[in-house]
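Each chain gets a letter, A, B and so on, in the order its sequence line appears, and its residues count up from 1.
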2 protein chains.
Amino acid sequence: MNLKQLSHMLALSQTTVSRALNGYPEVNEETRRRVIDAAKRHGYRPNPSARRLATGKTGMIGYVLPTGAAVDIDPHFVEFLSGLGDYARSHELDLVLSPADADDQETTYRRIVANRQVDAVYISSPRPADRRVALVSTLGIPFIVHGRSEGLDFDYPFTDIDNEGAFHEAARLLVQLGHRRLALINGDGRETFAIHRERGVRRALAASGLALGEGDVCSLAMTEENGYRAARRLLEQSDAPTAIACSSLIMALGVVRAVRDLGLTIPGDLSLIAHDDVFPWLKPENFSVPLSTTRSSIRLAGARIAERLAARISGLEEGARGEVWPVDLVIRGSVAGAPP
Amino acid sequence: MNLKQLSHMLALSQTTVSRALNGYPEVNEETRRRVIDAAKRHGYRPNPSARRLATGKTGMIGYVLPTGAAVDIDPHFVEFLSGLGDYARSHELDLVLSPADADDQETTYRRIVANRQVDAVYISSPRPADRRVALVSTLGIPFIVHGRSEGLDFDYPFTDIDNEGAFHEAARLLVQLGHRRLALINGDGRETFAIHRERGVRRALAASGLALGEGDVCSLAMTEENGYRAARRLLEQSDAPTAIACSSLIMALGVVRAVRDLGLTIPGDLSLIAHDDVFPWLKPENFSVPLSTTRSSIRLAGARIAERLAARISGLEEGARGEVWPVDLVIRGSVAGAPP
DNA sequence: AGAGTCTTCCAAAGCGCTTTGGTCTTTGCA
DNA sequence: TGCAAAGACCAAAGCGCTTTGGAAGACTCT
């Protein structure tokens, strides 16, 4: 059942039927009712391929997915997707993942924009002076950045959490508890979130005349193994840190294992705070010693970004407004006063 | 730059240019070269929206993503996606995720097929007599099932791993080591993979005149917490199992925690084997006691399924061939002879 | 009554491709 | 030499929608 057939049975032109269905004003309400009714009765659904050829609108939002044999997709992605999908569903939006060579995403961005394959895109895991942000901005497609870039000479719309504030608070708490040597087990140091977290820690330490030592900040892919290795290296020093801030729950698993392997205890020998993106399958309160965390649901962020993308597509949102969400600091058993 | 312009500058008809570019035979090789050359020089790329309206081909594969506030996307999905994306990239395929109400995926499947939004779909986490498989099959869109359904009265193409065989081997090993009471901490019991794994364990036990007791199989969402709870319940019995087979590494984390909380040890008091889907961020060899596993890379499965989908789209593959991959049993420190 | 303004509808022209159904040369063969 | 077959190309008709540029009729106003 296509528009032609439908308009034929209604003895109306395609123009009128199309307008009736799309809510244009120049059609009699009585006629509109008739049309809508007939459309529903015959299960008419406009062919999206035809519509997108005519209008350029796709009803899809895009994400360029970096791939490659050596590239691992962040498990956080799933949670983000849950939120995004949840919102997208209720607004009849689909998400198209365009896999790209991790080292050449530009080609893919250009393609999906030139081909008008999606109405909007989002960018995740941005880095300082992120080229994708600059690119997408000049290409002129609606977009939202999940996270922030830095050092770009223009504004852009983003939704981020207050990573610096979160880690500042975490570090400040540790300092208040008497810790004088902290370490930071961070994610990939090229990403803005990691930079912000380090900045937060440094700022908190500086406020008390302290600092992060040379080897006291580790920037690594967020795996359990890297958490273990980093912790092990830190704790085997003669002058080991008495507190660690850690960028992910998964790395924290490794830290806990290292602590145990070394015959130490939490929080007796080491205080630990990690960032929690809120996974359903791994919860900080279930660590052998309940883990203190800075918490922010990445799922909520996904939903929010879908919402903003939808708003931008329909023209309800414009401009370069960035929003920064506060992060909760949740104290549990893994922090205590510094050992004497 | 569109076809019209390109053909105009070449002083050829759109027909010929289109045919030249699409490799049809009725065009002079010399002409074809000219056309291809000019297309490249001017960066001509056929508009996919126009092409899909004309041909119905989209260059996209689809996945219906169950969503909802209470629905969690499996973290395995990310790894699967890595493999899928890696293959898709090299074949210029995109993946469209159509979020659907977890309780009504049928509407979405019907929509994406009726609208010709994708060329093929895959289905994951199938259950016995899975309605999606039946639906997609009657709808007539190319598809592959990742995993297997059961009790369907027709054949369908799938790629699965030998879950039954894997858990049969695992259980057999444990029995050989003298274990007489086993337990199974399984995933969601409504899914086929979980059924197969249970079957595998039961078969191995039966071969030695043993059986799984009433409460010795737990079917739960695969979270750390559920692993902990299940293990705790099992191990607190007076007649506790001396070996556990576990369906996921994440649950195994919980099992290990329970064992420790109870003051027991692995493998002294409990032998443990878990299934490993091969995550980059959590490895069985890094468990405090290296974990024996049944191992099968879900990432490879993703790539394979993309490959088969592409083959089906282009007509290279047809029929209902199912393939079952063997699973490696990797012995590490977490298994030992049964305690006396 | 005539001019202007709405209201309501329509025919037809896109959107940019593929594909059908030719036409006009060349070539092959008896 | 004549005729069929093959080769190389084209015009035009889709694909199914949206949107432009009217047009016809009803209404208002002077």
Side-chain angles (χ1 to χ4, degrees), chain A residues 1-36 38-39 42-60 92 111-119 313-315, chain B residues 1-36 38-39 42-60 92 111-119 313-315:
Chain A
M1 168 69 44
N2 58 21
L3 183 60
K4 194 175 192 174
Q5 295 166 24
L6 182 64
S7 52
H8 192 256
M9 29 188 12
L10 282 162
L12 285 170
S13 72
Q14 295 188 36
T15 310
T16 304
V17 175
S18 170
R19 283 180 166 152
L21 259 22
N22 292 320
Y24 283 72
E26 55 269 83
V27 45
N28 189 309
E29 276 311 318
E30 146 84 37
T31 311
R32 189 193 302 281
R33 222 178 310 281
R34 257 180 65 221
V35 171
I36 290 177
H42 295 84
Y44 168 75
R45 304 269 297 176
N47 177 319
S49 300
R51 169 178 271 168
R52 77 194 268 176
L53 177 59
T55 64
K57 291 285 174 199
T58 63
M60 310 189 129
E92 299 223 18
R111 188 198 75 199
I112 64 178
V113 171
N115 290 347
R116 303 183 172 283
Q117 296 197 139
V118 295
D119 295 336
I313 289 171
S314 60
Chain B
M1 168 68 45
N2 58 22
L3 183 60
K4 193 174 192 174
Q5 294 166 26
L6 183 64
S7 51
H8 192 256
M9 28 189 10
L10 282 163
L12 285 170
S13 74
Q14 296 188 35
T15 309
T16 305
V17 175
S18 170
R19 282 181 168 154
L21 259 22
N22 292 320
Y24 282 73
E26 53 269 84
V27 45
N28 190 308
E29 276 311 317
E30 145 84 36
T31 310
R32 189 194 303 280
R33 224 179 308 282
R34 257 180 65 220
V35 170
I36 289 177
H42 294 85
Y44 168 76
R45 303 268 299 174
N47 178 319
S49 298
R51 169 177 272 169
R52 77 193 267 175
L53 177 58
T55 64
K57 291 284 174 200
T58 62
M60 311 189 129
E92 300 223 18
R111 188 197 73 195
I112 64 179
V113 170
N115 290 349
R116 304 183 171 279
Q117 296 197 137
V118 295
D119 295 336
I313 290 171
S314 60

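- A straight line from CZ of Arg33(A) to P of dT8(C) spans 12 Å, rounded to a whole angstrom.
- Close to dC17(D), at under 4.0 Å from its OP1 or OP2, lies a side-chain N or O of Tyr44(A).
- The CD-C1' distance, from Gln5(A) to dC17(D), rounds to 13 Å in whole Å.
- When distances run from any side-chain atom of Leu3(A) to the nucleotides dT18(C), dC17(D), dC9(D), the shortest one goes to dC17(D).
- Listed pair Asn2(B) / dC15(C) fails the phosphate criterion, with no side-chain N or O lying under 4.0 Å from OP1 or OP2.
- No salt bridge links Lys57(B) with Glu92(B); every basic N to acidic carboxylate O contact stays at or beyond 4.0 Å.
- Note on Tyr24(B): every side-chain N or O is 4.0 Å or more away from OP1 and OP2 of dA8(D).
- An OP1 or OP2 oxygen of dC17(C) is reached within less than 4.0 angstrom by no side-chain nitrogen or oxygen of Asn47(B).
- In this structure, Lys57(B) atom NZ and dC15(D) atom P are separated by 18 Å, rounded to whole Å.
- At the heavy-atom level, Thr15(A) lies under 4.0 Å from base atoms of the strands shown.
- Using a 4.0 Å heavy-atom distance criterion, Thr55(A) is classed as a sugar-phosphate-only contact.
- In this structure, Asn2(B) CG and Asn47(B) CG are separated by 8.5 Å, a value rounded to the nearest 0.5 Å.
- Comparing dC17(D), dC9(C), dC17(C) against the side chain of Ala54(A) picks out dC17(D) as the nearest.
- The phosphate of dC9(C) has neither OP1 nor OP2 within less than 4.0 Å of any side-chain N or O from Ser13(A).
- For the pair Arg32(B) and Glu29(B), the salt-bridge criterion is met [side-chain N within less than 4.0 Å of a carboxylate O].
- Using a 4.0 Å heavy-atom cutoff across all strands shown, Ala11(B) reaches sugar-phosphate atoms only and no base atom.
- Counting heavy atoms of neighbouring residues, nucleotides and ligands inside a 6.0 Å radius, atom CE of Met1(B) exceeds 12 of them.
- Within the 4.5 Å cutoff, the side chain of Leu10(A) has heavy atoms near those of the Arg34(A) side chain.
- Of the listed nucleotides (dC10(C), dC17(C), dC17(D)), dC17(D) has the atom at the smallest distance from the side chain of Ala50(A).
- Of the listed nucleotides (dC9(D), dT18(C), dG14(C)), dT18(C) has the atom at the smallest distance from the side chain of Gln14(B).
- For Arg19(A), whose side chain is taken as the heavy atoms from C-beta onward, the closest listed nucleotide among dT18(D), dG14(D), dC9(C) is dC9(C).
- As a whole-Å value, the separation of Leu12(B) CG from dA8(D) P is 13 Å.
- Going from atom CZ of Arg52(A) over to atom P of dT18(D) covers 14 Å, rounded to whole Å.
- Closest to the side chain of Thr31(B), from the set dC9(C), dC9(D), dG16(C), is dC9(D).
- A close approach under 4.0 Å does not occur between any side-chain nitrogen or oxygen of Thr16(A) and OP1 or OP2 of dC9(C).
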